[in-house]
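Report on one structure; see the data block that follows.
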Amino acid sequence: MELVKEVASKGPESQENIAIRADEKSYTYLQLISSARRISNLLSNLDLKIGNGIKRNVDLDGARVGIVAKPCAEFVAGILGTWLRGGVAVPLALSYPETELLHVMNDSDISVILSTEDHQELMNTIAVKTGACLSLIPPIPDGDLSTKHDPPKDVVSDGPRNLPEMTNCGEDPAMILYTSGTTGKPKGVVHTHKGILAQIQILAEAWEYTSKDQFLHCLPLHHVHGLFNALLAPLYASSTVDFMPKFSVRGIWQKWRESYPTDGTKTDNAITVFTGVPTMYTRLIQGYEAMEPELKAASASAARHLRLMMCGSSALPLPVMQQWETITGHRLLERYGMTEFVMAISNPIKGKRKGGTVGKPFSGVQAKILLDDESGSDKTGVGELCIKSPSLFKEYWRLPEVTKQSFTDDGFFKTGDAVTVDEEGYYIILGRTNADIMKVGGYKLSALEIEAVLLEHPTISECCVLGLPDKDYGEVVCAIVVPDAELKRKQDEELKPALSLQELSDWAKERLAPYKIPNHLYVWDSLPRNAMGKVNKKELKRKLADDPK
Ligand SMILES: Nc1ncnc2c1ncn2[C@@H]1O[C@H](COP(=O)(O)OP(=O)(O)OP(=O)(O)O)[C@@H](O)[C@H]1O
């Protein structure tokens, strides 16, 4: 709600600024707020299943509203409209299989589904199964200033600042986001209005977002990266968010080239900020390598003109960071976040960005490391990272015990990530304690560290390292690699394997301690990744442990 107020209280000039671009259409801040109000009115006239009864003409009073739409202005208006009517927004992923969608909807006990027309049929079925009420989000008319028409009547009469009197705000729940389930069953993470506002203020300030920024957005909207870093914080800063509904290597390079043509000009809507997950940068590098020399030059030169390029959600391998810098001149700004507190640690916008680290805690965020024996905190040791931040979530939805266990006695959230800090105070993420930290003989090894080294091998384009159970050592190091497509094709022609374990071991001897060298090697065509480009190692471990190799 605080965010809606912020957006709505912008001056008349800002109200006319473009908030969203999608499908070649543009939507101003004025239209966004007007549409949110319309949705809020619509929500007040529904017969809703609230608890065991049916109610009408009420404020939602914390009822959950599932939002189903591809990344578009209607999605954003759906969230804002829900907040205006006192509801809790639950962004739902269109990529979820029906069982997962039903799990999320039943778990969060959704009263209303707000959907765009294109998903009406599927959502009708889902609504029947969950007892929720389906309501269609009215399409927002295109507000391109070149085809400018009069603002809608309700905007003129009410004025964008004249928002309904709201009772919910501050500590009240605003949103439930579901974890991706990498470490267990997806849990609903409840964020408050106050926490959301605190977070977007932190991000906008730290990364210097302004009304001049144009974000190219191609991330899912049910995870914090796409929702906070690339949408809510930019809107807070009056920037423009340009949605590219599906990640497309060709489309992104083209967008940058169109923004900054080779004649040295710059278009009005030129993209200034891009944020992505490491696999996106890997794919963009592959796409770049495959270009003709002239296109390569135009692409690299265009990319150089962006103000800021950021990366996160999983570890950015050093070779990828270095290649990207060679091509575009951008040292990617890597940061660290999690559904439970959104973003907490970041490399600086100005100053040294250190590869292999995620930087330092944001101002206002406290971080401490809990050593394995839990006897205290030691900034120089290795242990579990704990975070206290104004953006910390309120609770896991309807899981009071799990919530309690996730916090230390002094109110720090236990992340489950093993970390250490270097001599300059930069944090190094060693990975998820229960998926990336392998216990081999007496050693505790970081899979992320080994992955970063293996990626330097000329044949390996992607890899995933995990520990497999072993009766003698506890665990042994297993590497799954995806070979470079061109090299693999050549090896196939000569009827040779793309890479053997012996070759890999010989190569790795120079670079890794003997106990870190993989004992098992799988060569696959691709890695099974989720919408955020992450590999579910726990699931893979289970599968591979059953595979006698
Ligand atoms: N820059 C980064 N470097 C390394 N790891 C990162 C980075 N940013 C995020 N992560 C990892 O992503 C995790 C947070 O992601 P998210 O909240 O989506 O959880 P998940 O692991 O995908 O799913 P689940 O919480 O269901 O297990 C962090 O705990 C950390 O392990």
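In listed order, ligands and their atoms are each counted from 1. Owing to the predicted nature of the structure, the values given are computational and were not obtained by experimental measurement. Along the sequence shown, residues are numbered consecutively beginning with 1. Values reported hereafter were calculated over all heavy atoms of this structure, with side chains retained and with hydrogens, waters and symmetry mates removed.
- For R250 and W253, the positive end is not near the middle of the six-membered ring at less than 6.0 Å and at most 45° from its axis.
- Interface atoms of ligand 1 facing T339, defined by a heavy-atom separation under 4.0 Å, are 16 (P), 17 (O), 18 (O).
- With a 4.0 Å heavy-atom cut-off, ligand 1 is reached by the backbone of S314 but not by any atom from C-beta on.
- Put simply, the side chain of L308 reaches to within 4.5 Å of the side chain of W207, judged on heavy atoms.
- Counting heavy atoms closer than 4.0 Å to ligand 1, residue R432 contributes side-chain atoms (C-beta onward) but none from N, CA, C or O.
- Side-chain atoms of E384 come within 3.5 Å of backbone atoms of G416 as a donor-acceptor pair (strictly under, hydrogens ignored).
- When the heavy atoms of S346, S313, A418 are ranked by distance to atom 9 (C) of ligand 1, first place goes to S313.
- Here the shortest heavy-atom distance to atom 5 (N) of ligand 1, taken over A315, G431, C311, A531, belongs to A315.
- Remark: the backbone N or O of G195 is not paired with any side-chain donor or acceptor of K394 at under 3.5 angstrom.
- The atoms of ligand 1 that sit less than 4.0 Å from any heavy atom of E334 are 1 (N), 2 (C), 3 (N).
- Of the listed options K534, R335, K538, K534 places a heavy atom closest to atom 15 (O) of ligand 1.
- N347 places a side-chain N or O within donor-acceptor distance of the main-chain N or O of K354, the cut-off being under 3.5 Å.
- Close contacts between ligand 1 and I429 involve ligand atoms 4 (C), 5 (N) [criterion: under 4.0 Å to a heavy atom].
- Classification of the Y443-Y515 ring pair by plane angle, with boundaries at 30° and 60°, yields parallel.
- Taking every non-hydrogen atom of T179 and a distance limit under 4.0 Å, the qualifying atoms of ligand 1 come out as 24 (P), 25 (O), 26 (O).
- Using a 4.0 Å heavy-atom cutoff, V358 is listed among the residues neighbouring ligand 1.
- Y178 places no side-chain N or O within 3.5 Å of a backbone atom of L92 that could act as its donor or acceptor partner.
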